[in-house]
There are 2 protein chains.
Amino acid sequence: MSFRYFILGLLTQQPMSGYDVKRFLESFAWLIGSPSFGSVYPTLHALLEDDLVTVDVVQNEGKPPRKIYSITQAGRHALQEWIGQPVDPDASLKAFLMRLILASNLSRAGLIAHLQQRRAQVAVYLDSLEQVVEAPAETTGLGQRLAFDYGMAAATTEIAWLDRTLERLS
Amino acid sequence: MSFRYFILGLLTQQPMSGYDVKRFLESFAWLIGSPSFGSVYPTLHALLEDDLVTVDVVQNEGKPPRKIYSITQAGRHALQEWIGQPVDPDASLKAFLMRLILASNLSRAGLIAHLQQRRAQVAVYLDSLEQVVEAPAETTGLGQRLAFDYGMAAATTEIAWLDRTLERLS
DNA sequence: TCACTCATGTAATTGGTTACATGATTAG
DNA sequence: CTAATCATGTAACCAATTACATGAGTGA
């Protein structure tokens, strides 16, 4: 479900082929992962079926013809609507970043709201972690303690990054 | 890779019911996500089928009886073997943390190797990001730039955390 | 010569969620 | 008197991966 709209969102920046989409997504693989071809082609077909995109077949010497997909007005509308609906309070980092990339294409205010929302969520998590870590539970193994420690470090930097970014944007 | 081995690994710490497993996993939900009951119960059944765990049914006033699963010798062996095999070079953060939690239950040397491996991977990623960011490409949107910026911040703290942790462990 | 990039696609299978059913007990 | 917690489970569904097929061009 989420890659569907993410791919649709990429097409707001410029028309692309399935292959292009995959290459683009690859550059974010470390952050959000990248779907396989067996996923992106059918997704594009489904988008086409729903009239959210159009195809433009471009002939290509020797190689198979490239199929360039463009977003339609209906597609933009569907995307806008999807972005508008509220975010799941315990959405993953991946979901946050995907929305971040999409939100920036649409409205500055929406982008800022999204960052603020994320900040609140991470703060809540950081709080709960501090309680867990400070509690004198002796039932936790080394691995758990390391993972919690990692979580605190990650959450702390994320909040710092969010604050820095929010300041830069206003 | 999946939750199969992760759940099996939890049972090395102590015998647990499916409900316990889920609760435990919940505390790591922010970091690695938590599977639903519709996933953990069948996983436990499959583990039992393969003789990697045993059940112990404990009667429970009014409530349904608790089914306490314990890891078997074969289970420990399978887990050891699984952890022994090489890690995918572009494994996700989630995969890294899952292995981290498991590795700590087994051998100190393996844990350290795992952290070092991760450090090398993150360093490679950080390097590639710096090249992308420094390149004067004007084709990237605001969202992309923000995501890359986030990636750099996250990778930098992760490396710092890994170094700190490795030092503490030796 | 071998492997990789470009470029599309389909089919089988996996791994997981959602939504259900059951039912006593406790907290607001 | 309602909602949540405890506690198990199944079945329908869905997203995505894996593995395949096709085939020319390029670089080591």
Side-chain angles (χ1 to χ4, degrees), chain A residues 1-8 10 15-29 32-50 52-69 82 88-92 94-95 98, chain B residues 1-10 15-29 32-50 53-69 82 88-92 94-95 98:
Chain A
M1 175 50 94
S2 42
F3 272 119
R4 180 185 158 92
Y5 286 98
F6 192 59
I7 289 176
L8 185 60
L10 292 186
M16 280 182 178
S17 69
Y19 197 86
D20 292 335
V21 167
K22 172 79 166 115
R23 248 198 336 207
F24 186 90
L25 257 26
E26 213 93 289
S27 63
F28 293 108
I32 62 179
S34 170
S36 62
F37 281 118
S39 187
V40 4
Y41 287 124
T43 300
L44 252 7
H45 299 336
L47 251 21
L48 188 66
E49 189 70 22
D50 294 347
L52 305 181
V53 298
T54 53
V55 222
D56 193 11
V57 183
V58 177
Q59 233 50 35
N60 200 7
E61 279 285 309
K63 296 168 195 170
R66 308 186 75 228
K67 295 193 172 181
I68 309 297
Y69 293 87
W82 182 77
D88 171 19
D90 38 87
S92 64
K94 181 177 158 178
M98 284 169 86
Chain B
M1 97 86 91
S2 89
F3 279 112
R4 180 184 160 93
Y5 286 97
F6 192 60
I7 288 177
L8 184 60
L10 292 185
M16 282 182 177
S17 69
Y19 197 86
D20 293 335
V21 167
K22 172 80 165 115
R23 246 195 340 202
F24 186 91
L25 257 26
E26 212 94 288
S27 64
F28 293 108
I32 62 179
S34 171
S36 62
F37 281 119
S39 187
V40 4
Y41 287 124
T43 299
L44 252 6
H45 300 336
L47 251 19
L48 188 66
E49 191 69 24
D50 295 348
V53 299
T54 54
V55 223
D56 194 10
V57 182
V58 178
Q59 234 48 36
N60 200 6
E61 279 284 309
K63 295 167 197 168
R66 308 187 73 229
K67 296 193 171 179
I68 309 297
Y69 293 87
W82 182 78
D88 171 20
D90 38 85
S92 63
K94 181 176 160 180
M98 285 169 87

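Residue numbers start from 1 in every chain, and the chains themselves are labelled A, B, ... in the order their sequence lines are given, proteins ahead of strands.
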- Query: Taking atom CD1 of B:I7 and atom NZ of B:K22, what is their separation to the nearest 0.5 Å?
  - Reply: 10.0 Å
- Rounded to the nearest 0.5 Å, what's the gap from CG on A:D20 to CD1 on A:I68? Could you check? 6.0 Å
- Task: For residues A:W82 and A:L8, determine if any side-chain heavy atom of one lies less than 4.5 Å from a side-chain heavy atom of the other.
- Result: no
What is the distance, to the nearest angstrom, from the [atom1] atom on [X] to the [atom2] atom on [N]?
X	N	atom1	atom2	result
A:K94	C:dG16	NZ	P	13 Å
A:D88	C:dT17	CG	C1'	13 Å
A:Q59	D:dA24	CD	C1'	14 Å
A:Y5	D:dA16	OH	P	13 Å
B:L47	C:dG15	CG	P	13 Å
A:E26	C:dC4	CD	C1'	14 Å
B:K22	D:dC6	NZ	P	12 Å

Sub-3.5 Å pairs of nitrogen or oxygen atoms, protein against nucleotides 5-10 of chain C:
| residue | atom | partner | partner atom | Å |
| --- | --- | --- | --- | --- |
| C:dC6 | OP2 | A:Y19 | OH | 2.8 |
| C:dA7 | OP1 | A:N60 | ND2 | 2.9 |
| C:dA7 | OP1 | A:R66 | NE | 3.4 |
| C:dT8 | OP1 | A:K67 | N | 3.0 |
| C:dT8 | OP2 | A:Y19 | N | 2.9 |
| C:dT8 | OP2 | A:Y41 | OH | 3.0 |
| C:dT8 | O5' | A:Y41 | OH | 3.4 |
| C:dG9 | OP1 | A:K67 | NZ | 2.4 |

- Using a 4.0 Å heavy-atom cut-off across all strands, classify B:S34 as base, sugar-phosphate, or nothing. sugar-phosphate
Taking every non-hydrogen atom, the tightest pair across [X] and [Y]:
X	Y	value
B:S34	B:E26	OG-OE1, 3.0 Å
A:S17	A:R66	OG-NH2, 3.1 Å
A:I32	A:F3	O-CZ, 4.2 Å
A:P65	A:N60	CA-CB, 4.2 Å

Would you tabulate the side-chain donor-acceptor contacts of residues 36-50 of chain B under 3.5 Å, counting partners in other chains and residues two or more places apart, or write 'none'?
| residue | atom | partner | partner atom | Å |
| --- | --- | --- | --- | --- |
| B:T43 | OG1 | B:S39 | O | 2.6 |
| B:H45 | ND1 | B:Y41 | O | 3.4 |
| B:D50 | OD2 | B:R4 | NH2 | 2.8 |

- Item | Nearest listed nucleotide, side chain of A:S36, among D:dA16, D:dT18, C:dT17 | D:dT18
- Test side-chain contact (heavy atoms from CB on, under 4.5 Å) on A:V21 and A:F24 and set out the steps. CA-CA 5 Å; A:V21 167; A:F24 186 90; 5.8 Å; no
- Note down the inter-axis angle between the two ends of the helix from C:dT1-D:dA28 to C:dG28-D:dC1, five pairs each, to the nearest 10°. 50°
